[in-house]
Amino acid sequence: MSLKIYNTLTKKIEKFIPINDDQVNLYTCGPTVYDYAHIGNFRTFLFEDLLKRWLIHLGYNVRHIMNITDVDDKTIQKSIQQKKTLFFITEKYTKAFLRDLSWLNILPADHFPKATDYIDQMIKLIKDLIKKDMAYIDQGGSVYFRIKSSPKYGLLANLKIENHQKSKRVLNDEYSKESINDFALWKAYKEEDGDIYWDSPWGKGRPGWHIECSAMSMAELGCHFDLHCGGVDNIFPHHENEIAQSEGATGKKFVNYWMHSEFLLVDGGKMSKSIGNIFKIKELKELNFSAESIRYQLLSAHYRTKVNFSKLKKNENDRVVQRFLSFYNLLKINNADLIENTILPDEYLKFKEKMNNDLDAPQALGVFFVWMKKTTNEIINKKISKEKMGSAWSFLIVFNSVFGFIDTEEALIPDEISSILKMRDKARDEKNWLYADILRGELLTLGWIVEDTEQGQRVSKKK
RNA sequence: GGCGUCGUACCCAAGUGGUUUAAGGGACCAGUUUGCAAAACUGUCAUUCGCCGGUUCGAAUCCGGCCGACGCCUCCA
């Protein structure tokens, strides 16, 4: 019972076999730091998080690299527009990105290399490609990759370059390239670039976007590694070009498995600035979305299907997250966490089977819901053994280590709140229901929800 | 023009030709519980899978056609 994943390269579900035993080298395309990342970006990052967490659960030792693209057309444009240095812009958005990742409870990569720290490696790669006649320098000092030299080009994206529709933009771009499909490895300095340039054997300029990922991934993970992920829109041209230039330069196979997550739609359509449906984490926080609720909404669909994000789904997701939390609390109240039992219930095997089948989260969640309901029933009817209680706790912990739907951190109760709680407890003892209800209302206006349980009052922060 | 995806209940969403007379979640409604709530639990909720044909003993699943939605085809996760 081992992990099987869909490989974009072969278009098949394949058994996942790492190059070195239990070591998995994973590269995920990170953000271009010219703006705050939006919910669509995070769909991909959450998929990658689920993959990584599942690999870790299976016992693999995962080395995860996520790059930060801190020099490209958009970052330069932004820095000129805002009259700030490139570094100022990229630092600002890199920090914001890392904050958002952490808020969403996405496990951080082992390393977040910045493109500008790997210019030497990029130059080296380009030199190798020129030496092999797979790249050429134009009159302006830009370097292009010669697609003709890469017979396998188009395999990942399943595209034949002869069939490319010639868009206006492409034609405009076609200044001194041998073929319109050739892509830039190095872009010669232009007036507009201001003081943003690096020296190279071909004159000053800056790297193309695709070579950045090749250089960083190979520098950190070696020329040949296990997994490379991104969104479907990265398949072409970005990943196709990475393969061409990396395999061209090294003469070796670049990556064994390519995985891509589908797009996120917002209210049934593509995100676009004109519709104004691009949500940033900050805005979602203002709408009172919790990280768990967003995780559930984006992870409960299979990663290779389009998932629809909607503000209207918030209540539904909050409710599900609440159910998980209630179950967690139910087990805790029954001291399940104190029972030493690491044996997992039979349902775990089914859950594992589903997850091992190309991360079939919807099916796995179905299994979990059925088990959760059954177990809750057994607990409230007191028909559960101590061993089973312990194994329920173990399964729940495994589940949460993979999905992260339960916020296990107890909110700190301020003194003001706990003194109201004490008063309410007294009122309830005296059966002064009117006063108890007034206090409950008061707590709610202060943002705390109080519930009366068999074990007494339980407060939680309103989300 | 080329390549590809999808259409399953009020909504979301699994379904890998026969242990599926279609998982799971949400909403609704009814009930249990509760001082009242909340939460939780129980029950109800698609004879049917966009439409029409075909293959098969058997199709949501395979094939063909049609209708509808969508993605990629040079820098957007």
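Quick note on labels: first sequence line is chain A, next is B, and so on, each numbered from 1. Please read these numbers as outputs of a predicted model, since none were measured by experiment.
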**Message:** Just the rounded figure in Å: distance from P of B:G24 to CG of A:Asp360.
**Reply:** 15 Å
**Message:** Strictly by salt bridge (charged side-chain N to carboxylate O under 4.0 Å, His left out), give each pair with a member in residues 237-249 of chain A just once, sequence neighbours left out.
**Reply:** A:Lys152-A:Glu247
**Request:** Assign A:Asn357 to base, sugar-phosphate, or nothing according to its heavy-atom contacts below 4.0 angstrom with the strands shown.
**Result:** base
**Prompt:** Can you tell me how far P of B:C6 sits from NE2 of A:His302, to the nearest Å?
**Reply:** 12 Å
**Asked** Could you state the CD1-C1' distance from A:Ile278 to B:A77, rounded to the nearest angstrom?
**Response** 12 Å
**Prompt:** Given atom CG of A:Leu365 and atom P of B:G24, what is their separation to the nearest angstrom?
**Reply:** 13 Å
**Asked** More 5' along RNA chain B: A:Gly366 or A:Lys313, using each one's nearest nucleotide?
**Response** A:Lys313
**Prompt:** According to the Watson-Crick and G-U wobble definition with distances under 3.5 Å, which dot-bracket string, read 5' to 3', encodes RNA chain B, using [ ] for crossing pairs and | for pairs with another strand?
**Reply:** (((((((..(((.....[.....)))..((((.......))))......(((((..]....))))))))))))....
**Message:** Please classify the nucleic acid contact of A:Gly230 as base, sugar-phosphate, or nothing, using heavy-atom distances under 4.0 Å.
**Reply:** sugar-phosphate
**Request:** Provide the full list of ring-ring contact (aromatic ring centres under 6.0 Å, His included) pairs with a residue in residues 95-114 of chain A, sequence neighbours left out, each pair given once.
**Result:** A:Phe45-A:Phe97
**Complete:** To the nearest angstrom, the CD-C1' distance between A:Glu212 and B:U74 comes to 15 Å
**d(CG, A:Leu156; P, B:C73) in whole Å** = 13 Å
**Complete:** Applying side chain to side chain donor-acceptor pair (under 3.5 Å) to A:Ser217 and not counting sequence neighbours gives none
**Message:** Regarding A:Thr305, tell me which of base, sugar-phosphate or nothing describes its non-hydrogen contacts under 4.0 Å with the strands shown.
**Reply:** sugar-phosphate
**Message:** Between A:Asp72 and A:Thr75, do the side chains contain a donor N or O and an acceptor N or O under 3.5 Å apart?
**Reply:** yes
**Prompt:** Can you tell me how far P in B:G17 sits from the matching atom in B:A27, rounded to whole Å?
**Reply:** 34 Å
**Minimum-distance nucleotide to A:Pro237 side chain [options: B:A13, B:U74, B:A77]** = B:U74
**Request:** Taking only the side-chain nitrogens and oxygens of A:Asn377, find out if one of them lies under 4.0 Å from OP1 or OP2 of B:U42.
**Result:** yes
**Request:** In whole angstrom, give me the gap between the C1' atoms of B:U55 and B:U8.
**Result:** 23 Å
**Asked** In B/S/- notation, 5' to 3', how is nucleotides 30-40 of chain B contacted by protein heavy atoms closer than 4.0 Å?
**Response** -----BBBBSS
**Prompt:** For A:Lys373 and B:U42, is the shortest distance between a side-chain N/O and OP1 or OP2 below 4.0 Å?
**Reply:** yes
**Complete:** Between CG of A:Leu185 and C1' of B:U74 the distance, given in whole Å, is 13 Å
Give the table of side-chain donor-acceptor pairs shorter than 3.5 Å for residues 225-234 of chain A, with sequence neighbours excluded, one pair per line with atom names and distance.
unit_1: A:Asp226; atom_1: OD1; unit_2: A:Ile19; atom_2: N; d: 2.7
unit_1: A:Asp226; atom_1: OD2; unit_2: A:Asn25; atom_2: N; d: 2.9

**Request:** Keeping to residues at least two apart or across chains, list the salt bridge (charged side-chain N to carboxylate O under 4.0 Å, His left out) pairs with something in residues 107-117 of chain A.
**Result:** A:Glu91-A:Lys114
**Request:** Please measure how far the P atom in B:C29 lies from the corresponding atom in B:G53, and state the result in whole Å.
**Result:** 40 Å
**Complete:** Hits for side chain to side chain donor-acceptor pair (under 3.5 Å) against A:Glu378, two or more places apart or cross-chain, chain-then-number order -> A:Lys388
**Same-atom distance (P) from B:A38 to B:U44, integer angstrom** = 23 Å
**Prompt:** Are A:Asp73 and A:Lys187 close enough for a salt bridge, meaning some N to O gap below 4.0 Å?
**Reply:** yes
**Fill in**
Rounded to whole Å, the CG-P distance (A:Asn317 to B:A27) equals 11 Å
**Request:** Mind telling me whether A:Phe327 and A:Phe368 have parallel, tilted or perpendicular rings, with 30° and 60° as the class edges?
**Result:** perpendicular
**Complete:** A:Glu347 meets the salt bridge (charged side-chain N to carboxylate O under 4.0 Å, His left out) criterion, sequence neighbours left out, with A:Lys374
**Asked** Does NZ belonging to A:Lys350 count more than 12 external heavy atoms closer than 6.0 Å?
**Response** no
**Complete:** salt bridge (charged side-chain N to carboxylate O under 4.0 Å, His left out) pairs touching residues 322-336 of chain A, sequence neighbours excluded, are none
**Request:** Classify the nucleic acid contact of A:Lys350 as base, sugar-phosphate or nothing, counting any heavy atom under 4.0 Å across all strands shown.
**Result:** nothing
**Message:** Between B:C66 and B:G2, how many Å separate the two P atoms, rounded to a whole number?
**Reply:** 14 Å
**Request:** Provide the full list of salt bridge (charged side-chain N to carboxylate O under 4.0 Å, His left out) pairs with a residue in residues 43-54 of chain A, sequence neighbours left out, each pair given once.
**Result:** A:Asp49-A:Arg53, A:Asp49-A:Arg295
**P spacing across the pair B:U48 / B:C41, given as an integer number of angstrom** = 31 Å
Would you tabulate the nitrogen or oxygen pairs shorter than 3.5 Å linking the protein to nucleotides 67-72 of chain B?
unit_1: B:C72; atom_1: OP1; unit_2: A:Lys270; atom_2: NZ; d: 2.7

**Message:** Using the P atom as the point on both nucleotides, what is the distance between B:U32 and B:C51, in whole Å?
**Reply:** 41 Å
**Prompt:** Picking from B:G25, B:A77, B:A13, which would you name as closest to the side chain of A:Ala301?
**Reply:** B:A13
**Prompt:** Do A:Tyr153 and A:Asn241 have side-chain atoms, one donor and one acceptor, less than 3.5 Å apart?
**Reply:** yes
**Message:** Pick the closest RNA chain B nucleotide for A:Asn315 and for A:Arg304 by heavy atoms, then say which residue is nearer the 5' end.
**Reply:** A:Arg304
**Asked** Given the P atoms of B:C70 and B:G31, what is the spacing between them in whole Å?
**Response** 44 Å
